[in-house]
**Student:** 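First the structure, then my questions, so here it is.
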Amino acid sequence: MLFSNPEGTQTEQHVILVQGTATTEDTDLDHGWEKYLSYWRKKEPYIDAYLAEREKFGWFWKRVVVQVEPKKITAWKNGDTSRPPEVFGA
């Protein structure tokens, strides 16, 4: 997973690449993601406006939750990918 867009965060504009083993949680596409809603709100507070009209956008709310167990993290401070990154893990 690549995190390169700092919008909605309170941190500096770092670029982070997380590599690892991914698993999916797809037994409940309609509601399985709801346990992560508080995190989503922190990143994108406007999501509540969409929730209010959820029935109009049924396709938008079908979600597969992907969880990654990190094995290697590569980070570019201040988003400067022209410089060598810091590498953590394998």
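Start at 1 with the first residue, then count along the sequence.
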**Student:** Counting heavy atoms not belonging to Phe60, are there more than 12 under 6.0 Å from its CZ?
**Tutor:** yes
**Student:** Decide, yes or no, whether a salt bridge links Glu25 with Lys35 under the criterion of side-chain N to carboxylate O below 4.0 Å.
**Tutor:**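 The answer is yes: the pair qualifies as a salt bridge.
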**Student:** Under a 4.5 Å cut-off applied to non-hydrogen side-chain atoms, are His14 and Asn78 in contact?
**Tutor:** yes
**Student:** Would a 4.5 Å heavy-atom cut-off, applied to side chains only, mark His31 and Trp33 as touching?
**Tutor:**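 Contact flag for His31/Trp33 side chains = no.
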**Student:** Does the side chain of Leu37 come within less than 4.5 Å of Leu51's, by heavy atoms?
**Tutor:** yes
**Student:** If you define the side chain from C-beta out and look only at heavy atoms, does anything of Thr74 sit under 4.5 Å from Ile16?
**Tutor:** no
**Student:** Are Met1 and Trp76 co-members of a hydrophobic cluster defined by side-chain heavy atoms under 4.5 Å apart?
**Tutor:** no
**Student:** Test Trp40 against every option in Trp61, Tyr46, Tyr50 by the ring-ring contact (aromatic ring centres under 6.0 Å, His included) rule and name the one that passes.
**Tutor:** Trp61
**Student:** Could you pull out all residues at least two apart from Arg41 that satisfy salt bridge (Lys or Arg N to Asp or Glu O under 4.0 Å)?
**Tutor:**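 Counting only residues at least two positions away or on another chain, Arg41 forms a salt bridge (Lys or Arg N to Asp or Glu O under 4.0 Å) with Asp48.
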**Student:** For Val15 and Phe3: C-alpha separation, side-chain torsions, deciding distance, then whether side-chain contact (heavy atoms from CB on, under 4.5 Å) applies.
**Tutor:** CA-CA 6 Å; Val15 172; Phe3 299 93; over 6 Å; no
**Student:** Heavy-atom count around Glu34 CD within 6.0 Å, excluding the residue itself: above 12?
**Tutor:** yes
**Student:** Where do Leu29 and Asp26 come nearest, in terms of heavy atoms and distance?
**Tutor:** CD2-O, 3.9 Å
**Student:** Give, for atom CD of Gln67 and atom OG1 of Thr23, the distance between the pair rounded to the nearest 0.5 Å.
**Tutor:**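 Reported value, rounded in 0.5 Å steps: 5.0 Å.
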**Student:** Mind listing the closest non-hydrogen atom pair of Ala22 and Val68 along with its distance?
**Tutor:** CB-CG2, 4.1 Å
**Student:** Membership question, hydrophobic clusters at under 4.5 Å side-chain separation (ILVMFWY): are Val64 and Ile47 in the same one?
**Tutor:** no
